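If you're wondering where the values come from, they're calculated on a predicted model, not measured in any experiment. First the proteins, then the strands, lettered A, B, ... as listed; each starts at 1.
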2 protein chains.
Amino acid sequence: MARAATTSDAFNAIAEPQRRRILTLLKGRERPVNEVARALRITQPRASKHLRVLREVGLVRVRESGQQRVYTLDARGLRPIHAWTGGFEQFWNESFDKLDAYVRKLERQEQNDDHR
Amino acid sequence: MARAATTSDAFNAIAEPQRRRILTLLKGRERPVNEVARALRITQPRASKHLRVLREVGLVRVRESGQQRVYTLDARGLRPIHAWTGGFEQFWNESFDKLDAYVRKLERQEQNDDHR
DNA sequence: ATAACATATGCCGATATGGGAATATGTCAA
DNA sequence: TTGACATATTCCCATATCGGCATATGTTAT
């Protein structure tokens, strides 16, 4: 088995920086592919492919408008990620203390090394 | 260029389900590799590799304790992800309305198709 | 029909994966 | 020193990228 498919879930989908940029861009308003491509300075095929991934995990929706496909943000899929990371909130505050303890422990170890 | 390296940042690191499980596990308390492996029912090399990735993006730290390497959670790297997803909070609430509008629009289109 | 425009898709190349198995490296105890 | 134990690393395989380019598909206007 290789790496999990990028289309498997939102966690994988947003691992790609370009796709994060697309989502951020769509916060402003819905946009057709070409506009996305131009805004992010990527080729049209690239934009289409990223948008496809985002569509497949449900982070965007498409609406056909004449010959254009207008993509709209559907951020609900980000909620689980926000929730999951939120579960660590207490820890990233606490971490400073733990880091201090860790550093002190390291220093002690190094002292022991010196005395060997 | 291929996919972004999994070790490049926390976004990539947590795209892997096993690694998310490891981080969750370490919320309880620090643990040596073997314990992680046993708890998640993965092989020791696999645990080591995942822990390495997590270490390289700074989500865990290692402390040597005799012949064991004890891994500790350092959740600070998750904060940017929480913040980034949090920037979409207003949208995932709003989305229901937008989805309604979208569905209605779709239905209209289908009606048009029928009349063609 | 035909041309112009907007998107999507297929194919290629280079690369990075995650998993398993075997093995190297390092530490401690007798 | 030797052996047991804990971890890390390497090699191999199958797969899934992401990017560029060419091209298929679909829509609108003439």
Side-chain angles (χ1 to χ4, degrees), chain A residues 1-23 25-26 30-57 60-72 109 112-113 116, chain B residues 1-23 25-26 30-57 60-72 109 112-113 116:
Chain A
M1 198 191 296
R3 187 182 212 170
T6 205
T7 63
S8 57
D9 61 31
F11 277 98
N12 279 287
I14 70 165
E16 230 291 328
Q18 306 268 28
R19 286 195 286 264
R20 289 202 295 277
R21 294 174 59 206
I22 291 179
L23 292 178
L25 178 67
L26 293 181
E30 55 179 23
R31 308 205 188 222
V33 176
N34 246 330
E35 223 177 293
V36 172
R38 239 180 303 132
L40 304 193
R41 298 187 179 183
I42 59 183
T43 65
Q44 172 268 311
R46 210 78 302 267
S48 282
K49 286 175 186 175
H50 282 314
L51 285 165
R52 178 184 189 167
V53 172
L54 292 173
R55 193 193 333 141
E56 287 178 337
V57 301
V60 301
R61 292 191 306 268
V62 209
R63 175 168 55 84
E64 313 211 354
S65 171
Q67 54 196 123
Q68 295 186 316
R69 313 258 172 121
V70 183
Y71 283 82
T72 314
Q109 284 180 353
N112 288 337
D113 289 350
R116 212 167 267 156
Chain B
M1 198 192 296
R3 189 182 210 173
T6 205
T7 64
S8 57
D9 61 30
F11 277 98
N12 279 287
I14 69 165
E16 229 291 327
Q18 306 266 27
R19 286 196 286 266
R20 288 201 295 277
R21 293 175 60 206
I22 292 179
L23 293 177
L25 179 66
L26 294 181
E30 54 179 24
R31 309 211 187 216
V33 178
N34 246 329
E35 224 177 291
V36 173
R38 237 179 306 131
L40 304 194
R41 299 185 178 184
I42 58 183
T43 65
Q44 172 267 312
R46 206 86 297 272
S48 282
K49 286 177 186 173
H50 282 313
L51 284 166
R52 178 184 189 168
V53 171
L54 292 172
R55 192 195 333 142
E56 287 178 338
V57 302
V60 300
R61 294 190 305 269
V62 209
R63 176 169 55 83
E64 314 211 353
S65 171
Q67 53 196 122
Q68 296 186 315
R69 312 257 172 121
V70 183
Y71 283 82
T72 314
Q109 286 180 351
N112 288 337
D113 289 350
R116 214 170 263 153

**Request:** Check whether any side-chain N or O of B:Arg55 sits under 3.5 Å from a backbone N or O of B:Val60 as a donor-acceptor pair, and report yes or no.
**Result:** no
**Request:** Please list all pairs passing the side chain to side chain donor-acceptor pair (under 3.5 Å) test where one or both residues lie in residues 34-43 of chain A, with sequence neighbours left out.
**Result:** A:Arg29-A:Glu35, A:Arg31-A:Glu35
**Prompt:** Expressed in angstrom and rounded to an integer, what is the separation of B:Arg41 atom CZ from C:dG18 atom P?
**Reply:** 22 Å
**Prompt:** Between C:dA16 atom P and A:Glu16 atom CD, what is the distance in whole Å?
**Reply:** 14 Å
**Request:** Write down the distance between CD (B:Gln18) and P (C:dG18), rounded to a whole number of angstrom.
**Result:** 10 Å
**Item:** Value in whole Å for how far the P atom of D:dA8 lies from CG of B:Leu54
**Value:** 12 Å
With 3.5 Å as the limit, what N/O pairs link the protein to nucleotides 5-8 of chain C?
from	atom 1	to	atom 2	distance (Å)
C:dC5	O2	A:Gln67	NE2	2.6
C:dA6	O4'	A:Gln67	NE2	3.4
C:dT7	OP1	A:Val33	N	3.4
C:dT7	OP2	A:Asn34	N	2.9
C:dT7	OP2	A:Asn34	ND2	3.2
C:dA8	OP1	A:Tyr71	OH	2.7
C:dA8	OP2	A:Ser48	OG	2.5
C:dA8	N7	A:Gln44	NE2	2.7
C:dA8	N6	A:Gln44	OE1	3.3

**Message:** Rounding to an integer number of Å, can you tell me how far B:His50 NE2 sits from D:dT9 P?
**Reply:** 15 Å
**Prompt:** Once you round it to whole Å, what is the distance between P of C:dG19 and CD1 of B:Ile42?
**Reply:** 7 Å
**Fill in**
Looking only at heavy atoms, the pair that brings B:Val57 and B:Ala13 closest together is CG2-CB, 3.8 Å
**Asked** Backbone N or O of A:Ile14 within a donor-acceptor pair of the A:Arg19 side chain at under 3.5 Å?
**Response** no
**Message:** Any side-chain N or O of B:Arg19 below 4.0 angstrom from OP1/OP2 of C:dG18?
**Reply:** yes
**Request:** First locate atom CG of B:Leu40, then atom CD1 of B:Ile22, and finally report the distance between them rounded to the nearest 0.5 Å.
**Result:** 5.5 Å
**Prompt:** Which whole-number value in Å describes the distance from A:Arg46 CZ to D:dT17 P?
**Reply:** 11 Å
**Partners meeting side-chain contact (heavy atoms from CB on, under 4.5 Å) with B:Gln18 (sequence neighbours left out)** = B:Glu16, B:Arg21, B:Ile42, B:His50
**Message:** Distance check needed: C:dG18 P versus B:Glu56 CD, whole Å only.
**Reply:** 11 Å
